[in-house]
Number of protein chains: 2
Amino acid sequence: MDRVDSSLVALRRILRATELFGRELAESAGLTAAQFRVLQVVAEKGQTTAKEISQQMRVSQATVTALVDKLVGHGLVQRIKSLTDRRQINIVITETGRRTIESAPDALQQRYVREFTALSDWEQSMIVAVLERVSAMLDAEDLDVAPVLDAGDLRQPGEAG
Amino acid sequence: MDRVDSSLVALRRILRATELFGRELAESAGLTAAQFRVLQVVAEKGQTTAKEISQQMRVSQATVTALVDKLVGHGLVQRIKSLTDRRQINIVITETGRRTIESAPDALQQRYVREFTALSDWEQSMIVAVLERVSAMLDAEDLDVAPVLDAGDLRQPGEAG
DNA sequence: TCATTTACTTCGGCAACCTAAATAACATTC
DNA sequence: GAATGTTATTTAGGTTGCCGAAGTAAATGA
């Protein structure tokens, strides 16, 4: 097998690992993957809006509404009307929500971080360089991607509305 | 931003790029991502069964049945009863199906392959080494992954087979 | 032969999407 | 300051993807 193939296979494995893990992670929190992703976004921003979530996740606002409904039902987030712009509804994470996120055994990322930090300096540099190179080769868009490794983002991107 | 974060961000970008691309690819063929994935699996094997597809994609047979129904509706695959085991139904790609796959502008992989092959020898080696390393760090299972880079597989990956 | 297993489909149901349309509120403009 | 447009969100209705359970048909085997 030549190197192109080897690299493609490795990429596929990476994708597969993150995807499979994403589901488990969500399920360990009693949520679906999509719901967990929303919760993560809210947790990351602390406070956000349906619009922001829909842009970040690249799904329609309608979808976000439905997902947030579920999270509200679970008591993980709250909807609070914005005072500055009464069209807006801020979505804030609750204490329960934060605990849910924190207690989720983010095993994949933890393992990755653990192993990564155990590597030597030059190995770390090499990995960063290569991943960024590959990312550029795939022409990944220049989005503001938070440093959270989570298959979540890749399941229901959609060009959203 | 430290190197762990940089690598995670790059990984996310890679995941996002492949996922977003997967949808476009499928849509360019007038199919959904899941349907396209099935078509790819069938194309790859030339002839297969519902069971095999469900294992490869890690979805239930019921799901495969539904997806294959769609593809049959589009005239992209055919169901042909096995002669050796009459419980089995072989799913074979049609000429139309093959053309659909072939004409799908597999832009992501094409670009990747083009850029990859343009790299110097040592760069290629480095990329392969790093991707395999990362893949191992994420503990991607040891599956026989075909050398096809396609976001498809990451949505309902399978342990292949 | 009769029970079991295997391969597949059908059915009912849920989650995640989407678009279009409805609300409500901010923004403009004449 | 009323009409018009834009923005933020939800509601309604529909499709797809997915599952488990149950059903059918065929192979297997005791």
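What's counted below: heavy atoms across the whole structure, side chains too, no hydrogens, waters or symmetry copies. The chains referred to below are lettered A, B, ... by the order of the sequence lines, with proteins before strands, and numbering in each begins at 1.
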>> Side chain of B/Gln35 only, heavy atoms from C-beta on: which candidate in C/dT19, D/dT16, D/dT9 is closest?
In response: D/dT16
>> From the set D/dT16, D/dA27, C/dT19, return the single nucleotide nearest to any side-chain atom of B/Asp85.
In response: D/dA27
Tell me, do [X] and [Y] make a side-chain contact under 4.5 Å, heavy atoms counted?
{"X": "A/Arg86", "Y": "A/Lys81", "result": "no"}
{"X": "B/Asn90", "Y": "B/Thr49", "result": "yes"}
{"X": "A/Val38", "Y": "A/Leu31", "result": "no"}
{"X": "B/Arg3", "Y": "A/Phe116", "result": "yes"}

Any [X] side-chain nitrogen or oxygen under 4.0 Å from OP1 or OP2 of [N]:
{"X": "A/Thr63", "N": "C/dC18", "value": "yes"}
{"X": "A/Thr65", "N": "D/dT11", "value": "no"}
{"X": "B/Arg79", "N": "C/dT9", "value": "yes"}
{"X": "B/Arg86", "N": "D/dA25", "value": "no"}

Taking atom [atom2] of [N] as reference, at what distance in whole Å does atom [atom1] of [X] sit?
{"X": "A/Asp69", "N": "C/dA15", "atom1": "CG", "atom2": "P", "answer": "12 Å"}
{"X": "B/Arg58", "N": "D/dC18", "atom1": "CZ", "atom2": "C1'", "answer": "15 Å"}
{"X": "A/Phe36", "N": "C/dA15", "atom1": "CZ", "atom2": "C1'", "answer": "17 Å"}
{"X": "B/Gln47", "N": "C/dA7", "atom1": "CD", "atom2": "C1'", "answer": "15 Å"}
{"X": "B/Lys51", "N": "D/dA26", "atom1": "NZ", "atom2": "C1'", "answer": "15 Å"}
{"X": "A/Gln88", "N": "D/dT6", "atom1": "CD", "atom2": "C1'", "answer": "14 Å"}
{"X": "A/Ile91", "N": "D/dT9", "atom1": "CD1", "atom2": "C1'", "answer": "9 Å"}
{"X": "A/Ile89", "N": "C/dT23", "atom1": "CD1", "atom2": "P", "answer": "16 Å"}

For [X], report the nucleic acid contact type (base, sugar-phosphate, nothing); a contact means any heavy atom under 4.0 Å.
{"X": "A/Ser82", "answer": "nothing"}
{"X": "A/Ala50", "answer": "sugar-phosphate"}
{"X": "B/Gln61", "answer": "base"}

> Between B/Ser135 and B/Glu132, does any side-chain donor sit less than 3.5 Å from a side-chain acceptor?
Replying inline: no
>> Heavy-atom nearest nucleotide on DNA chain C for A/Lys70 versus A/Ala62: which residue maps closer to 5'?
In response: A/Lys70
> Does a distance-only test, which skips hydrogens and angles, find a donor-acceptor pair under 3.5 Å between the side chain of A/Arg87 and the base of D/dT9?
Replying inline: no
